[in-house]
Amino acid sequence: MKFFYSTLVVSLFLLTSCNNAKEKMLCKRWQVSDVLFINEKEAIVQSDTMQGNLQQRTEIILKDVMMKNIYEFRSDGTYLTGNAAANAEGKWELSGNNIKFISDNGKEKKEKIVPIEKLQDDSLVLLLKQDQTTIQLKLILTPIQH
């Protein structure tokens with residue numbers, strides 16, 4: 001029985017330690033350094049020429065906007081994201097290999113779960129699926145040096 005409890009305590013410690021290490025890596029200001037589109041060729045092939053041109057223009061505009069974004073994850077569990085035009089803030093949580101963004105403007109509470117493909121001290125890769133389109137993308141982020 002003692003062995004079981006010892007094993008449980010050690011396991012919980014390891015799980016908590018790993019999560020804290022991930023949180024420490026995440027807690028900084030990140031700048032979008034690149035935007036990669038996923039399955040873009042399939043989306044264009046399945047559509048007609050006019051739709052394909054529209055998709056390409058949408059991607060160019062979206063990449064331009066996304067490249068100006070900054071994501072700041074604070075150790076108190078809050079985040080700030082945006083650019084010169086607009087920003088958003090709220091709370092964040094790590095859940096496995098996902099970041100849960102929680103915003104509450106007083107009228108409604110929204111949650112968005114964003115998968116993390118890669119998290120290291122010098123890089124963060126997030127997988128996004130736009131709500132308004134079928135475009136899926138990867139955001140490549142690098143830390144901003146103070």
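Below, each value reflects all heavy atoms present in this structure, side chains not excepted, and no hydrogens, waters or symmetry copies.
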Quick one: does any side-chain atom of [X] pair with a main-chain N or O of [Y] as donor and acceptor, under 3.5 Å?
X: T81; Y: I70; answer: yes
X: W92; Y: R74; answer: yes
X: N20; Y: E23; answer: no
X: K22; Y: Q120; answer: no
X: E93; Y: N98; answer: no

Can you tell whether the side chains of E117 and K138 come within less than 4.0 Å, N to carboxylate O?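 Salt bridge: yes.
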
Looking at side-chain heavy atoms only, is the closest gap between [X] and [Y] below 4.5 Å?
X: D104; Y: K110; answer: no
X: V35; Y: I140; answer: no
X: L128; Y: V114; answer: yes
X: L26; Y: I99; answer: yes
X: L80; Y: R29; answer: no

Test side chain to side chain donor-acceptor pair (under 3.5 Å) applied to D34 - qualifying residues, sequence neighbours left out: K63

Measure the [atom1]-[atom2] distance between [X] and [Y] for me, rounded to the nearest 0.5 Å.
X: I144; Y: Q31; atom1: CD1; atom2: CD; value: 5.0 Å
X: N69; Y: L141; atom1: CG; atom2: CG; value: 9.0 Å
X: D64; Y: L62; atom1: CG; atom2: CG; value: 9.5 Å
X: S103; Y: E111; atom1: OG; atom2: CD; value: 9.0 Å
X: L126; Y: L139; atom1: CG; atom2: CG; value: 6.0 Å
X: T142; Y: W30; atom1: OG1; atom2: CH2; value: 8.0 Å

Show your reasoning for whether side chain to side chain contact (heavy atoms under 4.5 Å, CB included) applies to I38 and L127. CA-CA 9 Å; I38 303 169; L127 303 173; 4.3 Å; yes

Once you measure the plane-to-plane angle for Y79 and F73, does it fall in the parallel (<30°), tilted (30-60°) or perpendicular (>60°) bin? tilted

So if you build clusters from Ile, Leu, Val, Met, Phe, Trp, Tyr with side-chain heavy-atom gaps below 4.5 Å, do I116 and F101 land together? yes

Compare every heavy atom of V65 with every heavy atom of N83, then report the nearest pair and how far apart it is.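 Closest approach of N83 to V65: ND2-O, 4.0 Å.
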
Evaluate T78 against E89 for side chain to side chain contact (heavy atoms under 4.5 Å, CB included), listing each step before the verdict. CA-CA 7 Å; T78 61; E89 58 187 331; over 6 Å; no

